Each structure stands twice: as C-alpha cells, then as structure tokens.
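In this text, all values refer to a predicted model and were calculated from it rather than measured experimentally. So you know, we letter chains A, B, ... as the sequences are listed, proteins then strands, and number each from 1.
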Amino acid sequence: MPGAPGQRLPSEERLRRRADYLRCYRTGRRRHGSLAILYFVPNQLEGPRLGITASRKVGKAVVRHRLKRRIKEIYRRWQHRSQLPALDLVVHLKPEAGGSDFPALRTELLRLLSGLRERRGPAA
RNA sequence: GGAGAGCUCCAGGCGGUCGCUUCGCGCGGCCCUCGGGCCGGCGCGGAGAGGAAAGUCCGAGCUCCCACGGGCAGCAGGCUCGCUAACGGCGAGGCGCGGCGACGCGACGGAAAGUGCAACAGAGAAUAGACCGCCGGGCUCCUUCGGGGGUCCGGUAAGGGUGAAACGGUGCGGUAAGAGCGCACCGCUCGGCCGGCGACGGACGAGGCUUGGUAAACCCCCUGCGGAGCAAGACCAAAUAGGGGAGCGGAACGCGGGCCGCCCGUCCCGCCCUUGCGUCCGGUUCGCCGGGCGCGGGGCCGCUUCCGGGUAGGUUGCUCGAGGCCGGCGGCAACGCCGGUCCCAGAGGAAUGACCGCUAGCCGGCGCUUUGGCGCCGGGGACACAGAACUCGGCUUACGGAGCUCUCCGGCG
RNA sequence: UGGGGCGUCGCCAAGUGGUAAGGCACCAGACUUUGGAUCUGGCACUCGGAGGUUCGAAUCCUCCCGCCCCAA
C-alpha cells in the first residue's frame, strides 16, 4: 500500500456540530444494516464529511469509543472514498454492534457505503 | 501438601506500515519599528490514558454571586491523641466483638432532661407482677391421729412455666417460707489515690443495688457548614429580532414607581390625557353643556443614523502541581524538613486506532528426575477491569498477575 | 455537572417496624354433552443485591446494581 494521499482524515472531514447531525437525521436519507444505520445528506462543501454516533445502549465508554475509532479507521482506509460526492454521513451504531469484531464491522460498513458511490452518476 | 492472614509491586516488551492530536526545528508566503510577528502547507524529530481515568460518596484549591453582626431552622460528623490545605481520610492507641491463630471488624457521646414504642405468648412488659407452686393463719370435711382435702385471708419473687427481654449473678448463712435481710466473690454506682497528654487502666474504700431495652424512634449535648459550579468565569463578536439616543414625517396619543443580573412586555399602584356608562351638583334655548365621584376601555407608528447589552461561533480558563523521582535527617507511624534532579496527555461530536513479525506467561504431548524441577516438540500469543474532560487529597466499587513475610492443619525425615 | 424518582408472584400493583392485600394470568376441582361464563381452592426459597441496627426489617441505616426522568 503506497502512501496514497487519500488515506488521511483530518478533522475538517468530520461532522463536528450538533446542528449538522440533526440536519442529517431530519432531512437525510438512510440505509439500515444489522449493526448500524447510515444517514446521509448532500452538503455545500468540497467533499464528504463523516460523523459517528453511539448511544449508551451500545455499551460502556470503552466499547463505544473503540467502535468509533474502528469505524473511523475503516472509512479512512476505504479505497473508493475519493469517489464519494459531497455528502454528510452519520453512522449510527445499533446496540447489536457492541459485541462485534473488526472484520464484521468492516463488511457491514463497506456494504452500506458501496451504494452511495453508485448514486453519484445520476445525481450529476 | 492443603487452608488462610498481612504488605508491596506490575498493568507487557522490541521492531515495522498506514493514520490522529500536540510541541519543537527547518523550508515557503505575508507584514515589519529589522527585535520579530502572523498564516497555512510539506519534511524531520519528540510526547500522547488509569490503578482504578469509573461511581460521583466526602474534603480542598480555583472562579463567580451574595454578605454588617448574631440567632433559629436544616444538613453532616460523633472513643482518644496525632497527621494534613482540608476531610466522613490516614497513623498510633484505648475499649468492645469475631477468629484455634496470623489478624479482622466496629454510626464507639447521652436512656437519673423529656416524649414515645414493644405484635404473639405470659399472672405480670416498666408506677412490676401472685397463674401453678411454697409458707402461716381462720372456717369446714375426712382420718389409720402422722396427717390429708376444700375454701377464705395474708406472706413470699427462691422454684415451675411464657417470652427477644421478667427489676443484679453464684454460693453460704438466715427464715414459717422467702427476700441484699446479712456475708464472701463477681458485676454496678460513688469517692479520692496511682499510671497515662488523653481515651482508659490498676489497686483501695464506701454503698447494699438504686437507673431493663430501643436514640440507624422523636430528641438532648458537642463540633462543623453562605450559595453555585470550568456548561464556573474572562475576552472578541455575525445574521435576525429587540433596547436606548438624535434627526425627519404622520397622529388625539405617557410619565413615574413596585423591579435587586440587564432590557422589554405582562401585572399592580399613583398622576396626566382621552373616551363609554352610572350617579350627584350647577347652568339650560329642554336638544344638551360644564364640573365632581364610581366602574370600565385606550394612550404610538414609519424611515435614517449612532450607541450599548447579547445569541450562534471563536479565543481563553488549560495544565508547574498541597507535582514526580533520588538521597539525608526527625518521628513507632501517618507525615514533616532539607538538598539534588526531572517536565511527564491536554482533547473539545472529543486525539491513543487498525494491521504484521519476534518474544516470555499459558495450554497439550513426550523424555529425564527422590521431590523441587529441567529439556524437546506442537499450539497459542496480551487477553482482566476499564478510556483523561478544570486540578488535587481520599473513600467505595470492578478486575488480571507476580513477589515477600506470617498463621493453622496434615504428611515425610 | 447538579438534582429527583422507581425496583414487591409471569403482568399490574397495595403495604412505610409485628411476620406479605387485591386484580389479571396460570393450575386443580365443581357445574356443563363439550367449551365459555360462574363458584371453590391453590399459586412470593432471598420484597433488586450485600452488610448492619432491632427481640423482630419489604419498611430504618450504609454501600453497591439496574432502569427512568429533570435542569444547564
């Protein structure tokens, strides 16, 4: 894996305001998986932004934060990330995700993300 | 070998790839009073969760608000002496309880200040109490003349029985039977004496014993406590709405106080203007007009410009501290003092992650060995509890492993 | 960060120091040709857990566990 520039993920490409999250929940579309729900809505910026949420029903603080870091890692390493349109994404973890391991989380998340890449064409 | 008890320590290590946060250096751009400052990007290098970061149960620092002083109420603490910035913490000690023991645990002030509570059982449950007994006496019946039965009156707290608890315990004397009625010992209370800073302990004397339990029932006594919390607080500061000042235009068209975070509105009060109704007085061309009182309604709008508060947002508070480590001294110890040395996370929808290789612990098998253990092969390979959120000191709870010391029991020599 | 509440049978719950009401559900019996309805009877070994106070604790106290809510 050569040092592809697309593997970086600075904080500007993260969702950082409550209002952004609420906009995603209220006006965005969503896709359901067994471990997580993916919300997404177009934004007015250069590229996509990612947000992750996990309620206390998912687990204790250690569990929730580990899941968030793993989601972030999977998204960062995703080879098709540069093909995404300018979207705000929110990955909402379900309580079932509490006991899942890294490979299960990756297949789940990649399945949810793959559809978004395809719908770039007709939108333009 | 097996059961325990106490104390201390660790929370994997080494290397690599891709990322995140932060700090330093270099390169680049801009400003420049040539000291430097600012901006984002790239490169290199450094640092980057815990013993509990947890629960948020105590105590502090820090910040803002309030405050002249005192009291009541409320809440918290409660053996003693120390330690500490402080504490409900810690150390040492006393007393009590548990354990064969090493040791552990204790909300451990007051029940003669007052009020309350105690189901069921039981004669009686707090001014004690005669159910069965026991003893004495009267009356009466029976008699083998020793006595026995019934009944009434009185004595008795020794015995039985009830209960969680029955008004000091054991023994001897004493007595009609009994009773601290008397005595000895134990306990209790009181008194001074000795030891101890003290909690308390010890021996002595006196009292014959009075004051059952419950204060995690109300309560009393002593001590402490102003309120909020870093989303505290400070600074900068959009849009929209709103506030204040000035000017212009329109219109019949508000001012003060209650009001103490600021401003506005509502509400209430006073005054002023206007208007409707009722009523009274005066005038009258009989249509009304003026005044008083009572009840009710209303009392600004638009534009321009300036100013202040303030929301979103940003910056700060934000990590050098009752700080860590090493050594010496004082102290039984908690801890203190002195000297040296080090800088050790600062995020903000919230940084520590993902993956790979090697490696002890671990698991399985085989061989050697008196035990202890050692060697070889294979598997597996950091994995228990758990994630900083202003910072400390504790407590509590969760949890993996290692070491040292000690106790009891069993076996072998 | 600060504050409040709840936990009692499978479900809903009363009881706030004296030995765990009641309803639904369930089980057994009666009635009925059978079922339903009705009637009778049964149904809590730790009252979220562990300690403590008391003679006695669901109730009082302490520490934990889980759930819910409020304010900023």
Side-chain angles (χ1 to χ4, degrees):
Chain A
M1 50 195 81
Q7 292 201 2
R8 303 194 68 254
L9 186 68
S11 58
E12 292 79 39
E13 296 177 34
R14 306 280 305 279
L15 276 191
R16 302 182 64 172
R17 291 196 208 303
R18 177 169 175 76
D20 293 334
Y21 281 85
L22 293 178
R23 193 169 62 90
C24 249
Y25 293 143
R26 281 204 273 267
T27 67
R29 299 174 54 83
R30 69 188 76 130
R31 304 191 65 195
H32 292 265
S34 56
L35 299 179
I37 305 170
L38 176 68
Y39 295 84
F40 56 96
V41 69
N43 63 28
Q44 307 301 313
L45 301 168
E46 305 288 320
R49 294 189 299 178
L50 176 70
I52 308 164
T53 58
S55 83
R56 278 178 52 208
K57 291 182 180 175
V58 176
K60 296 192 171 190
V62 178
V63 175
R64 299 199 307 270
H65 286 121
R66 182 164 54 220
L67 287 169
K68 285 183 172 184
R69 287 192 296 254
R70 286 176 170 171
I71 294 288
K72 195 177 77 176
E73 179 74 9
I74 293 163
Y75 177 78
R76 183 179 70 80
R77 303 283 288 248
W78 188 36
Q79 52 182 336
H80 302 300
R81 205 178 86 213
S82 59
Q83 301 174 23
L84 276 178
L87 290 174
D88 279 347
L89 307 168
V90 173
V91 177
H92 178 81
L93 290 159
K94 294 164 78 169
E96 291 78 18
S100 63
D101 57 354
F102 186 78
L105 210 58
R106 182 169 52 198
T107 55
E108 166 85 359
L109 188 64
L110 294 186
R111 190 178 63 76
L112 290 173
L113 284 171
S114 61
L116 296 185
R117 195 162 53 91
E118 292 164 1
R119 71 175 66 234
R120 187 166 78 116

### Task
Take the protein atom CH2 of A/W78 and the nucleotide atom P of B/rG19, then report the distance between them rounded to whole Å.
18 Å

### Query
Just checking A/K68: base, sugar-phosphate only, or nothing, at a heavy-atom cut-off of under 4.0 Å?
nothing

### Distance, P atom - from B/rU391 to B/rC320, rounded to whole angstrom
12 Å

### Task
Give the rounded distance in Å between these two atoms: CZ of A/R69 and P of B/rA347.
17 Å

### Query
Can we say A/E73 and A/R76 salt-bridge, meaning some charged N sits less than 4.0 Å from an Asp/Glu carboxylate O?
yes

### Query
If the P atom of C/rU54 is compared with that of B/rU214, how far apart are they to the nearest Å?
7 Å

### Message
On the side chain of A/R49, is there an atom forming a donor-acceptor pair with the base of B/rG349 - under 3.5 Å, no angle test?
### Response
no

### Inter-nucleotide C1' distance (B/rG161, B/rA121), Å rounded
11 Å

### Message
Just the rounded figure in Å: distance from P of B/rA53 to NE2 of A/H65.
### Response
18 Å

Please write out the pairs of protein N or O atoms and N or O atoms of nucleotides 70-72 of chain C separated by less than 3.5 Å, giving the distance to one decimal.
none

### Task
Describe, in one word, how the ring planes of A/Y25 and A/Y21 are oriented to each other, choosing from parallel (under 30°), tilted (30 to 60°) and perpendicular (over 60°).
tilted

### Query
A/R70 near the nucleic acid: base, sugar-phosphate alone, or nothing, with a heavy-atom cut-off under 4.0 Å?
sugar-phosphate

## Note on the structure
Here the distance between atom P of B/rU397 and atom NZ of A/K60, to the nearest Å, is 15 Å

### Query
Looking only at atom C1', what distance separates B/rG198 and B/rU80, rounded to whole Å?
6 Å

#### Entry: Interatomic distance, A/L105 CG vs B/rG353 P [rounded to whole Å]
16 Å

#### Entry: For A/F102, all residues meeting ring-ring contact (aromatic ring centres under 6.0 Å, His included), sequence neighbours excluded
none

### Query
So what does A/F102 touch, heavy atoms closer than 4.0 Å: a base, only the sugar-phosphate, or nothing?
sugar-phosphate

### Query
A/L93 has an atom CG; how far is it from atom C1' of B/rG349, in whole Å?
13 Å

### Query
Within the modelled atom types, does a donor on one side and an acceptor on the other bring the side chain of A/R76 and the base of B/rC18 under 3.5 Å apart?
yes

### Task
Please state the P separation for the pair B/rC235 and B/rA345 - nearest whole angstrom.
31 Å

### Message
Between A/P103 and A/Y25, which residue's closest nucleotide on RNA chain B lies nearer the 5′ terminus?
### Response
A/Y25

